[in-house]
Amino acid sequence: TIVLSDSLVSIGSSAFYNCSSLATITLPKTLKLIGSSAFSKCDNLVIVYYDGTIVDWLGIEFENESSNPIGFATTFMVKNGNGGNLPVTEVTAPSTVVVINDYAFYGYKGIEKLILSEGVEEVGEKAFYNCSNLEYLEYPESLEFIGSNAFYGSNLKEIIYNGASLSSSLFAGQTNLKSITLNDKITYIPSRTFSKSGLEQIIIPKSVTSIGFNAFDGCKSLKIVVLSKETTKIDSSAFINCENLEAVYYNGTLQDWCNI
């Protein structure tokens with residue numbers, strides 16, 4: 001067990017490297033930086049106590065994947081409003097948080113629900129990588145950038161997506177994703193956005209005018225697609241290998257369809 005000083009601002013690279021007997025650690029609210037591989041090979045870490053709130057935690061910079069101890073731990077505890085300890089299963093990033101730093105919750109399996117409030121503009125690289133119990137996600141319209149592999153290995157089943165745009169391969173391979181609600185400001189679904197995901201139906205907003213290559217390639221659970229006449233371009237293989245598709249609902253005429 002290690003309890004770090006309340007005045008500590010940073011932890012150096014490889015500081016606790018290969019501390020295989022380390023089971024619990026308490027980190028101070030004052031912490032701002034954790035160096036590369038600081039907790040690498042701390043494979044028996046059970047609990048990380050943090051003397052701040054989730055908002056405070058979001059202010060810490062992690063230099064790489066092994067900088068973040070919660071990726072090795074079973075439980076992550078933060079302070080609640082009464083000064084007690086609260087296990088983290090839900091994360092709400094308030095409007096005061098503009099950036100979710102790289103590796104912020106890398107590998108932490110305790111998160112089940114994530115809400116990014118309006119005002120959050122960026123989610124860093126591998127911020128929620130391998131958060132394998134993360135099932136629910138709300139994106140704000142303010143979100144402008146999502147780093148590579150930000151949600152890779154998560155277990156997302158339901159997404160409320162209020163962002164104004166999508167990126168290529170954003171939800172590719174999310175085999176447990178069953179439902180997504182898209183913002184009606186989205187104009188383009190890029191290539192492979194939902195490729196090989198578990199979507200069962202998709203309602204394309206009327207604002208979407210174009211669907212990219214392989215956007216829904218390999219969505220083997222997809223049964224229903226709802227399209228509007230405002231979608232005037234569908235690139236090749238957009239729905240290839242959607243072998244269980246049962247119905248396409250289209251609000252235009254046959255002539256509109258022929259003009260796509």
Side-chain angles (χ1 to χ4, degrees), residues 1-97 99-117 120 123-138 150-156:
T1 298
I2 294 177
V3 179
L4 298 177
S5 168
D6 287 343
S7 60
L8 189 70
V9 176
S10 66
I11 297 173
S13 299
S14 304
F16 298 97
Y17 178 86
N18 204 25
C19 288
S20 57
S21 297
L22 182 62
T24 65
I25 189 167
T26 300
L27 303 176
K29 179 180 177 179
T30 52
L31 194 60
K32 298 299 181 185
L33 172 67
I34 303 180
S36 62
S37 304
F39 293 92
S40 180
K41 297 189 177 181
C42 293
D43 296 327
N44 293 304
L45 189 58
V46 178
I47 303 177
V48 174
Y49 294 98
Y50 179 60
D51 284 337
T53 64
I54 284 292
V55 175
D56 297 324
W57 182 261
L58 291 172
I60 299 175
E61 180 183 346
F62 304 94
E63 289 193 344
N64 70 359
E65 296 94 327
S66 299
S67 301
N68 196 333
I70 67 175
F72 298 93
T74 304
T75 305
F76 176 41
M77 308 283 282
V78 299
K79 292 297 183 182
N80 61 21
N82 300 317
N85 294 311
L86 180 72
V88 176
T89 58
E90 297 185 9
V91 172
T92 298
S95 58
T96 53
V97 174
V99 177
I100 309 292
N101 287 332
D102 296 350
Y103 318 112
F105 291 90
Y106 180 94
Y108 180 56
K109 296 179 172 52
I111 301 177
E112 300 171 359
K113 182 177 182 178
L114 173 62
I115 298 174
L116 304 176
S117 301
V120 176
V123 176
E125 178 182 344
K126 297 184 179 179
F128 298 92
Y129 184 97
N130 207 26
C131 292
S132 56
N133 289 307
L134 178 59
E135 296 186 354
Y136 179 88
L137 173 62
E138 287 189 21
F151 297 99
Y152 183 89
S154 64
N155 191 29
L156 291 170

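As the structure is a computational prediction, the values presented were derived from the model and not from experiment.
- Residues satisfying the side chain to side chain donor-acceptor pair (under 3.5 Å) test with D56, not counting sequence neighbours, are T53.
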Got a list of side-chain donor-acceptor pairs under 3.5 Å for residues 23-34, not counting sequence neighbours?
| residue | atom | partner | partner atom | Å |
| --- | --- | --- | --- | --- |
| T24 | OG1 | T1 | OG1 | 2.9 |
| T30 | OG1 | D6 | O | 2.7 |
| T30 | OG1 | L8 | N | 3.4 |
| T30 | OG1 | L8 | O | 2.6 |

Per-pair distances, 0.1 Å, donor-acceptor, side chain in residues 108-115, under 3.5 Å, sequence neighbours excluded:
| residue | atom | partner | partner atom | Å |
| --- | --- | --- | --- | --- |
| Y108 | OH | F76 | N | 3.2 |
| Y108 | OH | V88 | O | 3.0 |
| K109 | NZ | G107 | O | 3.4 |

Are N80 and N85 close enough, and set up right, to give a side-chain contact (heavy atoms from CB on, under 4.5 Å), and what steps lead you there?
-> CA-CA 6 Å; N80 61 21; N85 294 311; over 6 Å; no
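- Nearest heavy atom pair, residue I70 against residue A104, reads CD1-O, 3.9 Å.
- Partners of S40 by side chain to side chain donor-acceptor pair (under 3.5 Å), not counting sequence neighbours: none found.
- Annotation: side-chain contact (heavy atoms from CB on, under 4.5 Å) contacts of D102 (sequence neighbours excluded): E125.
- In this structure, the side chain to side chain donor-acceptor pair (under 3.5 Å) partners of N64, at least two apart in sequence or on a different chain, are S37, S67.
- Shown here for N155 and S132, the closest heavy-atom pair between the two residues is CB-O, 2.9 Å.
- L45 and P69 make their closest contact through CD2-O, 3.5 Å (heavy atoms, listed as atom of the first residue, atom of the second, distance).
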Residue pair L58, N101: steps toward the side-chain contact (heavy atoms from CB on, under 4.5 Å) verdict = CA-CA 7 Å; L58 291 172; N101 287 332; over 6 Å; no
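- Proximity of S95 to V120: side-chain heavy atoms (C-beta onward) are nowhere separated by under 4.5 Å.
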Got a list of side-chain donor-acceptor pairs under 3.5 Å for residues 13-20, not counting sequence neighbours?
| residue | atom | partner | partner atom | Å |
| --- | --- | --- | --- | --- |
| S13 | OG | S36 | N | 3.4 |
| S13 | OG | S36 | OG | 3.3 |
| Y17 | OH | K41 | NZ | 3.3 |

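- Here the closest non-hydrogen pair linking A73 and I47 is CB-N, 4.4 Å.
- Distance alone, capped at 3.5 Å, places no donor-acceptor pair between the S154 side chain and the N130 backbone.
- N68 contributes no side-chain N or O that, together with a main-chain N or O of F62, makes up a donor-acceptor pair within less than 3.5 Å.
- Considering only heavy atoms from C-beta on, K79 comes within 4.5 Å of D51 through its side chain.
- Here the closest heavy-atom approach between residue G124 and residue A150 is recorded as O-CB, 3.7 Å.
- Looking at residues two or more places apart in sequence or on another chain, you find no side chain to side chain donor-acceptor pair (under 3.5 Å) involving S21.
- Annotation: ring-ring contact (aromatic ring centres under 6.0 Å, His included) contacts of Y136 (sequence neighbours excluded): none.
- Residues meeting the salt bridge (charged side-chain N to carboxylate O under 4.0 Å, His left out) test with E138, sequence neighbours left out: none.
- Residues A93 and I100 share a closest heavy-atom pair of CB-CD1, 3.8 Å.
- Among residue pairs with one or both ends in residues 64-78, those qualifying as salt bridge (Lys or Arg N to Asp or Glu O under 4.0 Å) are E65-K126; sequence neighbours excluded.
- Under the rule for a ring-ring contact (aromatic ring centres under 6.0 Å, His included), the partners of F128 that lie at least two apart in sequence or sit in another chain are F105, F151.
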